[in-house]
There are 2 protein chains.
Amino acid sequence: MASNDIHEIAEKKLASIQQRYSSRRRRLVETLERADHPLIATDIVAIDDDLPQSSVYRNLAVLESAGVVVKVLTNGDRAAFELAEELKGHHHHLVCVQCGLVLDIDVPNEVEELLDSGLAGVVAAAGFSLVGHRLDLMGRCRDCQ
Amino acid sequence: MASNDIHEIAEKKLASIQQRYSSRRRRLVETLERADHPLIATDIVAIDDDLPQSSVYRNLAVLESAGVVVKVLTNGDRAAFELAEELKGHHHHLVCVQCGLVLDIDVPNEVEELLDSGLAGVVAAAGFSLVGHRLDLMGRCRDCQ
DNA sequence: ATGAGTGCAAAGGCTTTGCATTAGG
DNA sequence: CCTAATGCAAAGCCTTTGCACTCAT
């Protein structure tokens, strides 16, 4: 995904909930774009000195409700964020159960297809409407074996 | 899974790391057993008045390192806990993206099998050893549609 | 008796919020 | 100009920890 497109989509998504694509928000998106794995709020503050805590937290919340970023799971208890699928592409996570490292990975198409088709029934039975799925593979990374 | 078995397994797992199956720990396991969905620490404190905060947090940590309970994902940012697969059986979660409700669900065997077989390659390529998988289906619950 | 486990209360750390200031339309 | 957005600092809230007490072996 070209960087231009990302910002264009972000701006559009924000506009749809009457929010501007301000300098801090753009900077936040750029920081997330550069990372190849989800970031927690304190990481972002540490990475970019020009982003005050309050801007990070407040704008992550705004970007999340606009659908520009999404929360993801780590083995820790702090919320981590990454760009939404529409900006970053659909992918899954490989989580190290020991150190908490999270990597982005792609899985075979047949798996993706089966996930969506094979599960519709279960979801409907529970009275839910399916929005998507989140698959995390748990393992031990090279350094933790 | 019979309740007796659960406590027996819990005791054994604790013993394997030189920990006792004390009254608070047993009580914690019983509370998690009764719930049909993962609980966060504050839920447990609210549900069971006889469990002080410090006991809940301290013992959840002990039970987690013993492999009696595991952390799971919700759409919030607080850690939720449930009994480990060995005590509760393998299952997945159906998460409401709006209100955060989490339900336990089973998925078809063919899906389970494909998840484990179809993904080994991707995991190995990343230098990870696969421990398991965690699949969350995201949707909107009956009340939030 | 002796160390593990517990309970209370205080400390700690991440996150949120109030308010005055700045920036964008 | 006028409202949204920002920055700082203070407040909040969940979680962790110190310490004295209790329980089990």
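Numbered from 1 within each chain, the chains take letters A, B, ... in sequence-line order. Only heavy atoms go into these numbers, but all of them, side chains included; no hydrogens, no water, no symmetry mates. Only a predicted model underlies this, so the values are computations on that prediction, with no experimental measurement involved.
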Identify which nucleotide among [options] has an atom closest to any side-chain atom of [X], counting heavy atoms from C-beta outward.
X       : options               : answer
B:Arg25 : C:dG5, D:dT16, C:dG7  : C:dG5
A:Thr42 : C:dT15, D:dT15, C:dG7 : C:dT15
A:Arg20 : D:dA5, C:dA4, D:dT15  : D:dA5
A:Tyr57 : D:dG7, C:dT15, D:dT15 : C:dT15

How many whole angstroms separate atom [atom1] of [X] from atom [atom2] of [N]?
X       : N      : atom1 : atom2 : result
A:Leu60 : C:dC14 : CG    : C1'   : 13 Å
B:Arg27 : C:dG7  : CZ    : P     : 10 Å
A:Glu64 : C:dT16 : CD    : C1'   : 15 Å
A:Leu14 : D:dA4  : CG    : P     : 15 Å
A:Leu28 : D:dG7  : CG    : C1'   : 15 Å
B:Glu11 : D:dA24 : CD    : P     : 14 Å
A:Arg78 : C:dT16 : CZ    : P     : 12 Å
B:Arg24 : D:dA24 : CZ    : P     : 11 Å

**Prompt:** Can you name the residues that form a salt bridge (charged side-chain N to carboxylate O under 4.0 Å, His left out) with A:Glu82, not counting sequence neighbours?
**Reply:** A:Lys88

**Item:** Backbone N/O of B:Val45 and side chain of B:Gln53: donor-acceptor pair under 3.5 Å
**Value:** no

**Message:** I'd like to know if the side chain of A:Ser117 and the backbone of A:Glu113 have a donor-acceptor N/O pair within less than 3.5 Å.
**Reply:** yes

**Prompt:** Does B:Arg34 pair with B:Glu30 as a salt bridge, N-O distance under 4.0 Å?
**Reply:** no

**Asked** Does a salt bridge link B:Glu11 with B:Arg26, judged by any charged N lying under 4.0 Å from a carboxylate O?
**Response** no

**Request:** Please tell me which of B:Asp50 and A:Gln53 maps to the more 5' nucleotide of DNA chain C, matching each residue to the nucleotide holding its nearest heavy atom.
**Result:** B:Asp50

**Fill in**
When B:Ser23 and A:Ala41 are each assigned the nearest nucleotide of DNA chain C, the 5'-most assignment goes to B:Ser23

**Message:** Please classify the nucleic acid contact of B:Ser54 as base, sugar-phosphate, or nothing, using heavy-atom distances under 4.0 Å.
**Reply:** base

**Message:** Using a 4.0 Å heavy-atom cut-off, does A:Ala61 contact any base of the nucleic acid, only the sugar-phosphate backbone, or nothing at all?
**Reply:** nothing

Just to confirm, is there a sub-4.0 Å distance from OP1 or OP2 of [N] to any side-chain nitrogen or oxygen of [X]?
X       : N     : result
A:Ser22 : D:dT6 : yes
B:Asn59 : C:dT6 : yes
B:Ser55 : C:dG7 : yes
A:Gln19 : D:dA5 : yes

**Message:** Tell me if the centroids of the rings in B:His133 and B:His92 come within less than 6.0 Å of each other.
**Reply:** yes

**Asked** End-to-end bend of the helix from C:dA1-D:dT25 to C:dG25-D:dC1 (five-pair axes, 10° rounding)?
**Response** 30°

**Request:** Supply the atom-to-atom distance A:Leu28 CG to A:Arg25 CZ, rounded to the nearest 0.5 angstrom.
**Result:** 9.5 Å

**Request:** Please state whether the base of D:dG7 and the side chain of A:Arg58 form at least one donor-acceptor pair under 3.5 Å?
**Result:** yes

**Item:** Closest approach of A:Ser129 to B:Gln145 (non-hydrogen atoms, all atoms of both residues)
**Value:** N-NE2, 3.5 Å

